[in-house]
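What follows is one structure encoded as structure tokens, with my remarks underneath.
When reading the values below, keep in mind they use all heavy atoms of this one structure, side chains included, and skip hydrogens, waters and symmetry mates. Per chain, numbering begins at 1; letters A, B, ... match sequence-line order.
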Number of protein chains: 2
Amino acid sequence: MSEEYYTESQKKMARYAKALGHPVRVFIMEYLMKNASRCCYSGDMAEELPIARSTLSQHLSELKDAGLIQGEINAPYIKYCINKENCAEAERLLGQFFKNIDFSNTTTCNSSKIL
Amino acid sequence: MSEEYYTESQKKMARYAKALGHPVRVFIMEYLMKNASRCCYSGDMAEELPIARSTLSQHLSELKDAGLIQGEINAPYIKYCINKENCAEAERLLGQFFKNIDFSNTTTCNSSKIL
DNA sequence: TTCGCATTTCGTATAAATACGAAACAAAGA
DNA sequence: TCTTTGTTTCGTATTTATACGAAATGCGAA
């Protein structure tokens, strides 16, 4: 019944963008990127963030559900790291997306009646 | 009292990403990019989307508040277009962000205990 | 088996996002 | 001035996101 109005790319892009749509989650991603050579645990990040550990855990889950990170059990810790494959896809989708902007055209929206 | 935990880049990135975190808004952005040479009105997009016009208007407002698009009054229409300056910033921020991924390192999270 | 530890899940509260239809608005034209 | 028209704002309902503390979980070590 419900027709498909959005392309797979549009839905995927929105999914990835939504996951990155919170400063805590951007922080987590950058933390994992910077510390990719060593083990990254929830507790390490918790010490640098002003939120409860349960809240951090939820943000980790969101990034995991979106496919941007993955966790590996290293009991009693859980080691987190970037999901490179999906991050590469997100990078590609976003790159393609912005490439469609025509920076040569300067004739639109240059009047004084800008909202 | 509330210390600053997130960088300006992190907050800006999250803001832009959040604005792109819905298929309708990705659709709108791509529509405006593709039709940059001509006028884009709310009604044109409404005809291609399965949502109420008031809902579309709200999504347009979100993109506008995030700085990704702008509107120009062309009564009784409102002409929308990409805000190139801010889109360029978003592109730059996201590009920098993903560039931090170390694709050469393959030693993390390759065990069988992946969550 | 029992304890301790890091982490998540649960329960819950509050705020924000998403959606719709009705009403308001602003400007052009009759 | 009144009407028409495209769009937004308002009022509202529902869902989802964000946050916390308490309790549960899973596992290694004692």
Atom pair distance, as rounded to whole Å: [atom1] in [X] and [atom2] in [N]:
X: A/Gln70; N: C/dT7; atom1: CD; atom2: P; result: 17 Å
X: B/Asn74; N: D/dT5; atom1: CG; atom2: P; result: 18 Å
X: A/Phe27; N: D/dT18; atom1: CZ; atom2: P; result: 17 Å
X: A/Tyr41; N: D/dG28; atom1: OH; atom2: C1'; result: 14 Å
X: A/Lys79; N: D/dG26; atom1: NZ; atom2: C1'; result: 18 Å
X: A/Leu60; N: D/dA19; atom1: CG; atom2: P; result: 13 Å
X: A/Glu72; N: C/dT8; atom1: CD; atom2: C1'; result: 18 Å
X: A/Ile78; N: D/dA24; atom1: CD1; atom2: C1'; result: 14 Å

- Query: Is A/Leu93 reachable from B/Met33 through a run of hydrophobic residues whose side-chain heavy atoms are each under 4.5 Å from the next?
  - Reply: yes
- Task: Answer yes if A/Tyr77 and A/Leu60 sit in the same cluster of Ile, Leu, Val, Met, Phe, Trp and Tyr residues linked by side chain heavy atoms under 4.5 Å apart, and no otherwise.
- Result: no
- Task: Say whether, by atom type as modelled, one donor and one acceptor occur between the side chain of A/Gln10 and the main chain of A/Thr7 under 3.5 angstrom.
- Result: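 Yes; judged by distance alone, with no hydrogens or angles, the pair exists.
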- Query: Heavy-atom distance under 4.5 Å between the side chains of B/Glu4 and B/Lys11, does that happen here?
  - Reply: yes
- Heavy-atom check, side chain of A/Tyr31 versus side chain of A/Asp44, under 4.5 Å: yes
- Query: Under 3.5 Å, is there a donor-acceptor pair linking the side chains of B/Tyr80 and B/Glu72?
  - Reply: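 No.
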- Query: What pairs of residues pass the salt bridge (charged side-chain N to carboxylate O under 4.0 Å, His left out) test when at least one of them lies in residues 14-29 of chain B, not counting sequence neighbours?
  - Reply: B/Arg25-B/Glu62
Give me the distances for all protein-to-nucleotides 20-27 of chain C N/O pairs that come in under 3.5 Å?
from	atom 1	to	atom 2	distance (Å)
C/dC20	OP2	B/Ala52	N	2.7
C/dC20	OP2	B/Thr55	OG1	2.9
C/dC20	N4	B/Gln58	OE1	3.4
C/dG21	N7	B/Ser54	OG	3.2
C/dG21	O6	B/Ser54	OG	3.2

- Are A/Tyr41 and A/Lys79 close enough, and set up right, to give a side-chain contact (heavy atoms from CB on, under 4.5 Å), and what steps lead you there? CA-CA 5 Å; A/Tyr41 303 111; A/Lys79 185 170 77 177; 3.8 Å; yes
- Please step through side-chain contact (heavy atoms from CB on, under 4.5 Å) for the pair A/His59 and A/Ile51, ending with a clear verdict. CA-CA 11 Å; A/His59 283 298; A/Ile51 58 173; 4.2 Å; yes
Under 3.5 Å between N/O atoms: give me all the protein pairs with nucleotides 13-17 of chain D, atom names plus distance.
from	atom 1	to	atom 2	distance (Å)
D/dA17	OP1	A/Lys18	NZ	3.0

- Query: Given D/dT7, D/dT18, C/dT7, which nucleotide is nearest the side-chain atoms of A/His59?
  - Reply: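 Nearest nucleotide to the side chain: D/dT18.
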